[in-house]
Amino acid sequence: AVVSTQSTGDPRIADDLSKKAEIFNPREVFKLFIKAVFYVGKGKQSRPYAHLFEASLQNKDSEKLRRIRNIWGSGRGIVSLHVFSNTIAEEAFTREAAMISCIGLKKLSNEKKGEYYGVSRSWPESKRKGVGLSLLYKAHLTLINEGHREIKQCDVVKS
């Protein structure tokens with residue numbers, strides 16, 4: 001199975017980071033990226049898109065689904081950034097947990113803080129946050145370099 005780490009962001013907050021990166025202080029651009037992220041997930045196969053499909057059905061409710069619907073309601077789309085592909089599940093879960101630790105569960109729509117595997121289970125919280133910060137920084141560089149595509153509600157196929 002293809003496993004990646006995925007973050008979902010609000011384009012109303014971090015609109016066109018590629019252009020902002022050319023004129024803003026790099027620290028401010030990174031802060032905007034972090035502020036825009038509202039969900040971090042393992043990202044196995046089509047799972048990230050399953051959240052969008054759930055939001056389009058309107059029959060379930062959660063903070064994550066409300067955020068997605070709110071963004072769609074504003075006429076914008078969801079930015080789903082897939083990074084760190086082709087990793088084993090335990091590594092993807094650890095990366096997910098580290099990024100959640102860095103941003104803070106209260107600032108995200110994730111319901112759980114994530115799980116650490118292997119040697120990372122014994123890491124102090126400061127190291128976990130540091131690893132998460134590094135991963136998020138790499139993710140933000142990916143977004144700046146590759147740009148983003150907004151996934152609007154009309155892009156989600158209802159079947």
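This one's a predicted model, so the numbers in the text were calculated from it and none came from an experiment. All values below come from the heavy atoms of this structure, side chains included, with hydrogens, waters and symmetry mates left out.
Between Phe24 and Leu17 the shortest side-chain heavy-atom distance does not fall below 4.5 Å. In this structure, the side chains of Glu150 and Val79 come closer than 4.5 Å at one or more pairs of heavy atoms.
Residue Lys20 places its NZ atom among more than 12 non-hydrogen atoms of other residues, nucleotides or ligands, all under 6.0 Å distant. In Glu115, the CD atom is not crowded: 12 or fewer heavy atoms of neighbouring residues, nucleotides or ligands sit closer than 6.0 Å.
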Q: Would you please test Thr142 and His140 for side chain to side chain donor-acceptor pair (under 3.5 Å) and show each step?
A: CA-CA 5 Å; Thr142 299; His140 117 280; over 6 Å; no

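Atom NE2 of His148 is separated from atom CD1 of Ile151 by 10.5 Å, given to the nearest 0.5 angstrom. Atom CD1 in Ile100 sits 10.5 Å away from atom NZ in Lys113 (nearest 0.5 Å). Here the CD atom belonging to Glu54 is positioned 5.5 Å from the CG atom belonging to Leu65, to the nearest 0.5 angstrom. Atom CG of Asp10 and atom CZ of Arg67 lie 6.0 Å apart (nearest 0.5 Å). Taking CG from Leu143 and CZ from Phe30, the interatomic distance works out to 12.0 Å, rounded to the nearest 0.5 Å. Rounding to the nearest 0.5 Å gives a distance of 9.0 Å between CG of Leu135 and SG of Cys102.
With sequence neighbours excluded, no residue forms a salt bridge (Lys or Arg N to Asp or Glu O under 4.0 Å) with Lys127. With sequence neighbours left out, the side chain to side chain contact (heavy atoms under 4.5 Å, CB included) criterion links Gln58 to Arg69, Gln153.
The shortest non-hydrogen separation linking Val156 to Ser56 is CG1-OG, 3.9 Å. The shortest non-hydrogen separation linking Lys152 to Gly75 is NZ-O, 3.6 Å. Closest of all the heavy-atom pairs between Arg12 and Asn70 is NH1-OD1, 2.8 Å. Closest approach of Gly9 to Ile71, counting heavy atoms only: O-CD1, 4.4 Å. The two residues Ala55 and Trp72 have their closest heavy-atom pair at CB-CZ3, 3.8 Å. Scanning both residues, Ala36 and Ala14, for their nearest heavy atoms gives CB-CB, 3.6 Å.
Both tests pass for Arg121 against the ring of Tyr117: distance under 6.0 Å to the centre and angle within 45° of the axis. A cation-pi arrangement is present between Arg128 and Tyr116, with the terminal nitrogen or guanidinium carbon under 6.0 Å from the aromatic centre and inside a 45° cone about the axis.
In summary, Arg76 and Asp15 engage in a salt bridge, as defined by a charged side-chain N under 4.0 Å from a carboxylate O. Ion pairing between Lys19 and Asp16 holds under the 4.0 Å rule for side-chain N and carboxylate O.
The stretch residues 136-145 participates, sequence neighbours left out, in no salt bridge (charged side-chain N to carboxylate O under 4.0 Å, His left out) pair at all.
Met99 pairs with exactly one of Leu136, Val131, Val37 by the side chain to side chain contact (heavy atoms under 4.5 Å, CB included) rule, that one being Leu136.
Ser109 contributes a side-chain N or O that, together with a main-chain N or O of Phe38, makes up a donor-acceptor pair within less than 3.5 Å.
Cluster membership check: Ile103 shares its hydrophobic cluster with Phe33, using side-chain heavy-atom separations under 4.5 Å among Ile, Leu, Val, Met, Phe, Trp and Tyr.
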